[in-house]
Number of protein chains: 2
Amino acid sequence: MRVLPIPPEIQRLLPMTPAVFYTMLAISPGALHGYAIMQQSATLSSGAFKMGPATLYSTIQRLVDLGLVKETPGDVGEDARRRYYELTTMGRQVLESEVARMNEVVKLATARLVQRTSAS
Amino acid sequence: MRVLPIPPEIQRLLPMTPAVFYTMLAISPGALHGYAIMQQSATLSSGAFKMGPATLYSTIQRLVDLGLVKETPGDVGEDARRRYYELTTMGRQVLESEVARMNEVVKLATARLVQRTSAS
DNA sequence: TACAGATATATCAGTAACGGATTGAGTCGT
DNA sequence: ACGACTCAATCCGTTACTGATATATCTGTA
């Protein structure tokens with residue numbers, strides 16, 4: 001399987017902020033419209049992360065500009081207001097690389113949190 | 001082992017931004033001074049995350065104000081400029097809860113990234 | 001003891017990201 | 001045809017981040 005190199009302007013947004021990460025994670029199995037992305041983000045984080053509409057739409061716009069997300073037509077006969085977004089191939093790779101980084105960090109942090117010294 | 005509940009004003013900063021997370025992770029095994037925190041953050045992220053001094057010191061100040069980090073005296077006879085910071089008990093709990101969240105998300109995301117649909 | 005270079009803290013000014021509130025329009029049940 | 005909900009979108013203020021820069025101190029070395 002071929003993996004394109006991630007260009008530097010994309011590298012700059014790694015590690016991802018929570019808004020970027022949950023937005024991309026929400027649409028990773030398939031296209032979703034904005035409102036659904038908001039709801040999915042809350043669900044995926046067990047309610048810990050609630051994105052407002054301003055954050056959502058500005059984040060989507062940024063990701064589209066960067067070529068990580070693209071708009072796609074929804075099914076015919078559906079709510080005409082809905083605008084669907086999905087990951088591009090590069091978007092998927094970037095998300096995968098972010099998940100890999102998080103996986104490393106979690107292992108590292110788990111080990112680190114054992115060797116405690118002092119605190120108050 | 002007793003675990004204090006995390007107050008709502010702290011919950012608001014979860015999920016953590018990269019700057020907050022790496023700062024806290026850097027000092028999790030024991031107190032470090034600012035400059036060392038900067039270097040550790042870069043090391044812990046394999047060079048992916050490089051914090052400038054402005055981000056570092058404003059982040060530290062915020063964490064001190066929130067009671068997650070406190071300044072502690074360094075060893076005598078050391079470089080007098082150095083100011084050391086360590087996690088408070090609450091800070092450690094918050095970091096632990098963030099790591100737990102990340103662990104969940106990684107599992108969830110790994111599963112999600114398998115069930116791919118389409119992309120370009 | 002003077003100098004160079006690395007270490008270390010700190011702030012400034014600007015930008016990027018975020019968040020709450022709100023608007024407005026379309027959908028659906030009754 | 002009314003009200004409740006869904007959905008996209010933007011306004012405006014705040015928070016967080018960044019690069020550049022300033023200032024001082026420490027360490028080695030010649």
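Per chain, numbering begins at 1; letters A, B, ... match sequence-line order. Atoms considered below: every heavy atom in the structure, side chains included; atoms not considered: hydrogens, waters and symmetry mates. What you see is a predicted model; the values in this text were computed from it and never measured.
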S.K.: Would A:E104 and A:R101 satisfy salt bridge (Lys or Arg N to Asp or Glu O under 4.0 Å), going step by step from the backbone distance to the final call?
M.R.: CA-CA 5 Å; A:E104 288 308 305; A:R101 184 198 62 84; over 6 Å; no
S.K.: Looking only at side-chain N and O atoms, does A:T55 come under 4.0 Å of OP1 or OP2 in C:dG19?
M.R.: yes
S.K.: Please assess B:Y85 against B:L63 for the test side chain to side chain contact (heavy atoms under 4.5 Å, CB included), listing each intermediate value before the final yes or no.
M.R.: CA-CA 10 Å; B:Y85 302 94; B:L63 294 176; over 6 Å; no
S.K.: Using a 4.0 Å heavy-atom cut-off across all strands, classify A:Y84 as base, sugar-phosphate, or nothing.
M.R.: nothing
S.K.: First locate atom CD of A:Q93, then atom CD of A:E98, and finally report the distance between them rounded to the nearest 0.5 Å.
M.R.: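 A:Q93 atom CD to A:E98 atom CD measures 14.5 Å (nearest 0.5 Å).
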S.K.: Tell me the interatomic distance from B:R82, atom CZ, to D:dT27, atom C1', rounded to whole angstroms.
M.R.: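 Those two atoms, CZ and C1', are 12 Å apart.
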S.K.: Does a side-chain N or O from B:Y35 land closer than 4.0 Å to OP1 or OP2 of C:dT7, or not?
M.R.: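 Checking C:dT7 against B:Y35, a side-chain N or O does come within under 4.0 Å of OP1 or OP2.
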S.K.: Starting at atom CG of A:L56, determine the distance to atom P of C:dA21, rounded to an integer number of angstrom.
M.R.: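 The distance from CG of A:L56 to P of C:dA21 comes to 17 Å, rounded to the nearest Å.
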S.K.: Atom CD of A:E71 to atom C1' of D:dC7: distance rounded to whole Å?
M.R.: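 So the CD-C1' distance, A:E71 to D:dC7, works out to 13 Å.
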S.K.: Could you give me the CA-CA distance, side-chain angles and deciding distance for B:L66 and B:M90, then say whether side chain to side chain contact (heavy atoms under 4.5 Å, CB included) is met?
M.R.: CA-CA 10 Å; B:L66 287 167; B:M90 181 164 65; over 6 Å; no
S.K.: Between A:P18 and B:A36, name the one whose nearest nucleotide on DNA chain C is closer to the 5' end.
M.R.: B:A36
S.K.: Starting from C1' on C:dC18, measure out to CE on A:M38 and report it in whole angstrom.
M.R.: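 My rounded result for the distance is 14 Å.
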S.K.: Just how far, in rounded Å, is P of D:dC26 from NE2 of B:H33?
M.R.: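 Rounded to the whole Å, the gap is 13 Å.
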S.K.: For A:L87 and A:S28, work out which heavy atoms get closest and say how close.
M.R.: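 Smallest heavy-atom distance, with atoms named: CD1-CA, 3.8 Å.
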S.K.: Could you label the plane-to-plane angle of the B:Y22 and B:F49 rings as parallel, tilted or perpendicular, counting under 30° as parallel and over 60° as perpendicular?
M.R.: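 Parallel, since the angle between the ring planes stays under 30°.
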S.K.: Under 4.0 angstrom, heavy atoms only, what part of the nucleic acid is A:A54 near: base, sugar-phosphate, or nothing?
M.R.: base
S.K.: Does A:R12 put a side-chain nitrogen or oxygen below 4.0 Å from OP1 or OP2 of C:dA16?
M.R.: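 The answer is no; no side-chain N or O of A:R12 sits under 4.0 Å from OP1 or OP2.
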S.K.: Could you walk me through whether B:L13 and B:R62 satisfy the side chain to side chain contact (heavy atoms under 4.5 Å, CB included) test, starting with their C-alpha distance in whole Å, then the side-chain angles of each, then the deciding distance to 0.1 Å, before giving a yes or no?
M.R.: CA-CA 11 Å; B:L13 66 92; B:R62 203 154 19 103; 6.0 Å; no
S.K.: Could you tell me the separation between the CE atom of B:M16 and the C1' atom of C:dC18, rounded to a whole number of Å?
M.R.: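 From B:M16 CE to C:dC18 C1': 18 Å.
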S.K.: So, OP1 or OP2 of C:dA16: does either fall under 4.0 Å of a side-chain N or O from A:S58?
M.R.: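 Negative; the distance criterion is not met.
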S.K.: Touch check for B:G34, heavy atoms < 4.0 angstrom, all strands: base, sugar-phosphate only, or nothing?
M.R.: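 Sugar-phosphate contact only - B:G34 comes under 4.0 Å of backbone atoms but never of a base.
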S.K.: Sort out for me which residue in A:T23, A:I37, A:T17 forms a side-chain contact (heavy atoms from CB on, under 4.5 Å) with A:T59.
M.R.: A:T23
S.K.: OP1, OP2 of D:dA16 versus side-chain N and O of B:R62: anything below 4.0 Å?
M.R.: yes
S.K.: How many Å lie between CD1 on A:I37 and C1' on D:dC7, as a whole number?
M.R.: 12 Å
S.K.: When every nucleotide of nucleotides 22-30 of chain C is labelled 5' to 3' by its protein contacts under 4.0 Å (heavy atoms), B for base, S for sugar-phosphate only, - for none, what sequence of letters results?
M.R.: ---BBS---
S.K.: Check the distance between D:dG19's P and B:M51's CE and give it to me in whole angstrom.
M.R.: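 The distance from CE of B:M51 to P of D:dG19 comes to 12 Å, rounded to the nearest Å.
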S.K.: May I ask you to verify if any side-chain N or O of B:T17 is less than 4.0 angstrom from the OP1 or OP2 atom of C:dA17?
M.R.: no
